[in-house]
Colleague: 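The structure is given below, and queries will be raised subsequently.
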Amino acid sequence: MIRTQDVNKHFGELHVLKDITIDVPRGQVVVVAGPSGSGKSTLCRTINRLEPIDSGTIEVDGEPLPMEGKALAKLRADVGMVFQQFNLFAHKSIVDNVTLGPIKVRKKSKSAARDEAMELLTRVGIADQAEKFPAQLSGGQQQRAAIARALAMNPKVMMFDEPTSALDPEMVQEVLDVMASLANEGMTMFVITHEMGFARRAAHRVIFMDYGAVIEDTSPEEFFTNPRTERAQDFLSKIL
Ligand code: ADP
Ligand code: MG
C-alpha cells in the first residue's frame with residue numbers, strides 16, 4: 001500500500017531523511033518510533049506530499065505520488081491523516097467537520113454524507129456530540145472526531161502522527177482503543193507513537209528511526225525483547 005525507495009530529503013544543511021526504503025503491505029499496522037527530531041513526522045508528511053522529497057520514489061497503492069491537481073487531491077483523500085493537534089475546523093460542528101471532505105472532494109450528497117458521518121461518529125463513540133463545536137469537546141473526543149473525519153474519505157491507509165501526545169493521560173486510552181479497533185478491521189495504518197502498549201497490542205511491525213534513518217524494521221516482539229541497536233535499547237529503556 002505504501003512503498004518508499006531510497007527517499008532522501010534535506011532541510012537546508014540538515015539531511016532529515018536518509019535512504020528511506022520501506023514497504024507497508026495492505027492491512028498492515030506499522031508503528032514508527034524514535035527520538036524527537038529523528039524525521040518521523042517528515043517521513044509521514046512526504047507520503048501524501050505535504051513535504052516534497054529530494055530523491056527516491058514513493059508509491060501509494062502501486063501509483064507514484066501525483067504532483068498536483070485532481071490526482072493530488074485524490075491522494076490526500078486516500079491517505080487519511082491524524083495529527084497531534086486535531087486540526088478540526090473550529091467554526092463548524094463536529095458532524096459538519098466530518099461531512100465537508102466527502103461533499104467537496106468525494107462529491108457525496110449532503111444527506112448521504114451526513115448518514116455516513118453519523119455512523120462514523122457512532123463507531124468512534126461520540127454520536128451524541130455531533131452538533132457541538134470542537135471547543136466544546138474534550139481532547140480525546142476531538143481526536144476521535146478527527147479520526148472519523150479522516151475515515152469519512154474512505155481512505156486506503158491511515159497515517160497517525162503522535163495522535164495521543166497532546167492528550168491528558170485519562171484520554172489516551174479512548175483514542176488508542178478506536179485505533180486498535182480500526183487495526184482489527186484490517187485498515188492499513190502508519191502510526192507514529194511512543195505508546196508501546198499500542199505497539200504490542202496492535203502493530204504487525206515496528207520501525208525505529210534515528211537521525212533520519214530507519215535503523216530497525218522488525219516485529220514488535222523482536223523490537224521489545226531483542227532490539228538490535230544500542231540506540232533502540234537506549235530509547236526503550238527511557239520510555240518503558
Ligand atoms: P520527529 O517527528 O521525529 O520529531 P521531524 O520530522 O519533525 O522529527 O523533524 C526532523 C528534523 O527536521 C528536526 O531536526 C527538525 O527540526 C527538522 N525540521 C522539521 N521540519 C522542518 C522544516 N519545515 N524546516 C526546517 N527543519 C525542519
Ligand atoms: Mg514528529
Side-chain angles (χ1 to χ4, degrees), residues 2-24 29-58 60 65 67-68 72 75-76 79-88 139-140 142-143 146-147 150 157-169 171-172 175-176 179 188-199 202-203 205-218 220 223-224 227-240:
I2 300 173
R3 174 171 283 160
T4 77
Q5 182 85 45
D6 295 324
V7 167
N8 282 279
K9 179 174 179 70
H10 296 76
F11 284 121
E13 298 279 280
L14 182 69
H15 195 175
V16 65
L17 297 177
K18 298 174 184 158
D19 290 323
I20 304 284
T21 297
I22 54 175
D23 215 326
V24 182
V29 178
V30 177
V31 159
V32 181
S36 178
S38 56
K40 305 180 300 294
S41 294
T42 304
L43 175 60
C44 180
R45 292 164 56 82
T46 63
I47 291 167
N48 68 357
R49 239 176 185 287
L50 289 170
E51 292 285 359
I53 58 178
D54 299 336
S55 64
T57 56
I58 302 177
V60 172
L65 293 195
M67 302 291 279
E68 57 191 8
L72 182 57
L75 170 80
R76 299 235 166 109
V79 179
M81 281 266 186
V82 176
F83 301 96
Q84 181 175 334
Q85 298 302 339
F86 327 120
N87 295 339
L88 295 168
Q142 288 187 61
Q143 194 58 301
I147 293 171
V157 51
M158 286 281 284
M159 318 284 294
F160 294 85
D161 189 352
E162 302 205 30
T164 60
S165 51
L167 297 176
D168 291 336
M171 290 165 190
V172 168
V175 172
L176 294 177
M179 291 165 60
T188 309
M189 294 166 64
F190 182 98
V191 185
I192 301 171
T193 185
H194 291 163
E195 292 291 335
M196 293 296 122
F198 175 81
R205 191 163 138 212
V206 176
I207 286 175
F208 183 77
M209 290 182 69
D210 200 21
Y211 293 108
V214 170
I215 63 169
E216 305 225 10
D217 183 350
T218 185
F223 182 72
F224 291 114
R228 281 188 307 111
T229 60
E230 215 167 287
R231 289 187 222 163
Q233 288 164 17
D234 184 50
F235 175 82
L236 285 169
S237 73
K238 283 180 184 141
I239 65 162
L240 291 182

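One-based numbering, in listed order, for ligands and for the atoms of each. The first residue of the sequence shown is numbered 1, and numbering continues consecutively from there. None of the values given here were measured: they were computed from a predicted structure.
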Colleague: N/O to N/O below 3.5 Å, does that happen between F11 and ligand 1?
Modeller: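 No, no N or O pair falls under 3.5 Å.
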Colleague: Kindly assign one of parallel, tilted or perpendicular to the pair F235 and H194, based on the angle between their ring planes and the thresholds 30° and 60°.
Modeller: perpendicular
Colleague: Examine L14 against ligand 1 and note whether any of their N/O atoms are separated by less than 3.5 Å.
Modeller: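 There is no such contact.
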Colleague: Could you tell me whether a side-chain N or O of Q143 sits under 3.5 Å from a main-chain N or O of P163, the two making a donor and an acceptor?
Modeller: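 A pair under 3.5 Å: yes.
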Colleague: Please report the shortest heavy-atom distance between T4 and V7, naming the atom on each side.
Modeller: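 Scanning both residues completely, I find the closest heavy atoms to be CB-CG2, 3.8 Å.
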Colleague: For the Mg ion (ligand 2), which protein N/O/S atoms fall under 2.8 Å? Skip waters.
Modeller: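 Atoms qualifying: S41 OG.
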Colleague: Between ligand 1 and G34, can you find any atom pair, the residue atom being a heavy atom, that is separated by under 4.0 Å?
Modeller: no
Colleague: Is it true that a side-chain atom of D54 and a backbone atom of H10 form a donor plus acceptor pair closer than 3.5 Å?
Modeller: yes
Colleague: For E51, is at least one N or O under 3.5 Å away from an N or O on ligand 1?
Modeller: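 In fact, backbone or side chain, E51 has no N or O that close.
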Colleague: Within ligand 1, which atoms have a heavy atom of S38 less than 4.0 Å away?
Modeller: 1 (P), 3 (O), 8 (O)
Colleague: Quick one: does any side-chain atom of E216 pair with a main-chain N or O of R228 as donor and acceptor, under 3.5 Å?
Modeller: yes
Colleague: With a cut-off of 4.0 Å, which atoms of ligand 1 are near a heavy atom of P35?
Modeller: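 Those atoms are 3 (O).
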Colleague: Answer with side chain, backbone, both or neither: which part of T42 has a heavy atom less than 4.0 angstrom from an atom of ligand 1?
Modeller: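 Both the backbone and the side chain of T42 come within reach of ligand 1.
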Colleague: Only heavy atoms of V16, strictly under 4.0 Å: list the atoms of ligand 1 that pass.
Modeller: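 The atoms of ligand 1 under 4.0 Å from a heavy atom of V16 are 10 (C), 11 (C), 12 (O).
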